[in-house]
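Read through the structure below, which is laid out as structure tokens, and then see the notes.
Note: hydrogens, waters and symmetry copies are ignored here, and every other heavy atom, side chains too, is used. Bear in mind that the values here come from a model prediction, so they are computed numbers and not experimental data.
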Amino acid sequence: MNEFGKKIKKIRKDRGLTQQQFADSLGYAHKSTINKIESGQEDMSYQKILILLKEYMLNSKDIFENIDEEVNKLNQLIDKNSHKKDSCIIYIHGLNGNSKEAEFYSFLSNKYDIISLDYDDGNPWEVKDIIIGDFKKLTCGYKNIYLIANSIGAFYAYKYLSSFNIKTAFFVSPFVSMKPFIESQLCKNKINMKQFEESKIIVLSNKQTLSYDFYQSILNKDAWKTKTYILYGEKDKVVDKNSIFDFLSNHNATLSIMKNGDHYFHKPGQLRFIKKWIMENYL
């Protein structure tokens, strides 16, 4: 166990919390993440550390004693989130993404605090409270809130954050409907709707879990009213293009399509395209 992990474990133990309770308070879906952090197998993002400090009224030296470089990094993050600006942009990553992706949007930092909402990958119904809770904590005190969300992060945004006063949203390769995805998985695994309803929870051969109750919930009309700009790759094989068109017809949204673009915008040319797209539609 490294020194950082020992300190995290002590903070948890001193407060009489189980790993699951501690995980819930920091926005992690599973206690296994806390176990890995405490044992030194996994790092905690600076955004999560920021939530830890706020939640338990700690200061950076409580967890980074005599580690000057880490203390400096954290203090910079705290300074960045000290509301020197009236407006913030919250970035929500997609599946297998991380908080560091938000650094790409630093070209907007002259006017906005750029804050990443970091979460553990998990089933969509498991991360709902985490997304809502962390968004509320991270945006507290800001006059204007803007949003950039990638892939399934966009689904979490429009499905779970509609009650917040978000000025403008930018969705990159968004999962704007989970319905066709779930139905395609059922079809691939030769499971009919009656079997799905009777089982309630189905674990597929690839270990993916499908919930009938969650499926029913996404059939309901969402309450998303925010002006939304969507960027979609012409050759995206992950997100069904018809779901994008359906979203456009039911929301205040505008679509841009990158020729030859795929689902994952990560190559230099693709990143330049994202920057240009945001600046052209820029707030």
Side-chain angles (χ1 to χ4, degrees), residues 1-84 88-103 106 109 113-142 152-153 156 160-161 164 207 209:
M1 185 186 297
N2 61 12
E3 289 302 315
F4 177 78
K6 287 179 181 178
K7 289 182 180 293
I8 295 300
K9 185 173 184 177
K10 185 176 187 304
I11 290 168
R12 176 178 66 80
K13 292 269 191 181
D14 286 349
R15 285 156 180 78
L17 299 173
T18 65
Q19 288 186 335
Q20 187 60 61
Q21 289 170 331
F22 198 48
D24 291 342
S25 73
L26 299 179
Y28 291 115
H30 305 291
K31 67 178 182 180
S32 60
T33 304
I34 298 300
N35 184 54
K36 289 176 182 177
I37 291 170
E38 291 181 352
S39 63
Q41 300 174 56
E42 190 169 310
D43 293 328
M44 181 182 285
S45 73
Y46 286 113
Q47 292 293 346
K48 287 297 188 189
I49 294 172
L50 186 60
I51 291 174
L52 171 70
L53 297 182
K54 289 180 178 179
E55 188 76 16
Y56 296 104
M57 294 181 288
L58 304 167
N59 64 61
S60 54
K61 289 198 173 181
D62 287 330
I63 48 179
F64 289 131
E65 185 179 357
N66 298 323
I67 309 178
D68 293 338
E69 182 181 352
E70 297 294 346
V71 171
N72 288 336
K73 284 181 182 178
L74 187 58
N75 284 338
Q76 287 172 16
L77 183 65
I78 293 171
D79 184 56
K80 190 185 293 185
N81 285 275
S82 62
H83 309 321
K84 288 185 176 180
C88 71
I89 295 175
I90 300 293
Y91 174 75
I92 305 179
H93 62 76
L95 188 67
N96 299 320
N98 60 67
S99 62
K100 292 183 179 179
E101 294 172 13
E103 295 173 4
S106 61
S109 62
D113 284 336
I114 313 298
I115 306 171
S116 180
L117 195 163
D118 196 21
Y119 63 92
D120 262 0
D121 291 328
N123 293 316
W125 57 93
E126 293 176 324
V127 302
K128 177 180 178 180
D129 291 342
I130 294 166
I131 297 293
I132 294 172
D134 280 11
F135 191 87
K136 185 175 182 179
K137 292 173 187 175
L138 293 171
T139 58
C140 182
Y142 282 103
I152 198 171
Y156 295 148
Y160 299 149
L161 301 177
F164 292 91
K207 306 301 182 184
T209 304

**Prompt:** Side-chain donor-acceptor pair under 3.5 Å between Tyr160 and Asp129, yes or no?
**Reply:** no
Is Tyr28 close to Ile37 at the side-chain level, that is, under 4.5 Å between some pair of heavy atoms?
-> yes
So Arg12 and Lys9, side chain to side chain contact (heavy atoms under 4.5 Å, CB included) or not? Walk me through it. CA-CA 5 Å; Arg12 176 178 66 80; Lys9 185 173 184 177; 4.0 Å; yes
Within the distance-only criterion (no hydrogens, no angle test), does the side chain of Tyr119 pair as donor or acceptor with the backbone N or O of Ile92 below 3.5 angstrom? no
Requested in this report: Assess whether side chain to side chain contact (heavy atoms under 4.5 Å, CB included) is satisfied between Leu52 and Ile8, documenting all intermediate values.
Outcome: CA-CA 10 Å; Leu52 171 70; Ile8 295 300; 3.7 Å; yes
Quick check: does any side chain N or O of Asp121 sit under 3.5 Å from a backbone N or O of Asn96, one acting as donor and the other as acceptor?
yes
Shortest non-hydrogen pair, Ser116 vs Leu138, comes out as O-CD1, 3.9 Å
query: Tyr142 versus Ile90: any side-chain heavy-atom pair under 4.5 Å?
result: no
- Under the 3.5 angstrom rule, does the side chain of Asn98 hit a backbone N or O of Lys100 as a donor-acceptor pair? yes
CG of Leu26 to CG of Leu17, rounded to nearest 0.5 Å, is 9.0 Å
- Side chain proximity check, Glu103 to Ile114, heavy atoms < 4.5 angstrom: no
Note to self: side chain to side chain contact (heavy atoms under 4.5 Å, CB included) for Lys31 and Asp24? Distances and angles first, verdict last.
What the structure shows: CA-CA 8 Å; Lys31 67 178 182 180; Asp24 291 342; over 6 Å; no
Minimum side-chain heavy-atom gap Glu55-Lys137 below 4.5 Å: yes
| task | Taking Lys48 for its side chain and Asp43 for its backbone only, find out whether a donor-acceptor pair lies under 3.5 Å. | result | no
Requested in this report: Determine whether Lys128 and Tyr156 make a side-chain contact, defined as any pair of heavy atoms from C-beta on separated by less than 4.5 Å.
Outcome: no
Just so I know, are the side chains of Ile131 and Leu117 near enough to count as touching, which here means a heavy-atom distance under 4.5 Å? yes
Output yes when a side-chain donor or acceptor of Glu126 lies under 3.5 Å from a complementary backbone atom of Asn123, and no otherwise. yes
**Prompt:** Without hydrogens or angle criteria, can the side chains of Gln20 and Thr18 be said to hold a donor-acceptor pair below 3.5 Å?
**Reply:** no
Between Arg15 and Ile11 (side chain of the first, backbone of the second, donor and acceptor by atom type, cut-off under 3.5 Å), is there such a pair?
yes
Quick check: do Lys10 and Lys7 have side-chain heavy atoms less than 4.5 Å from each other? no
Distance col, row Asp120:CG vs Glu42:CD, nearest 0.5 angstrom, shows 6.5 Å
The reported gap from NE2 in His30 to NZ in Lys36 (rounded to nearest 0.5 angstrom) is 9.5 Å
Find out whether Asp118 and Asp134 are in side-chain contact, i.e. whether some heavy atom of one side chain is under 4.5 Å from a heavy atom of the other. no
Of all heavy-atom pairs linking Gln41 and Ser39, the shortest is NE2-OG, 2.8 Å
Distance col, row Phe135:CZ vs Ile130:CD1, nearest 0.5 angstrom, shows 15.5 Å
- [ ] Check whether the ring centres of Phe22 and Tyr56 lie less than 6.0 Å apart, and answer yes or no.
- [x] yes
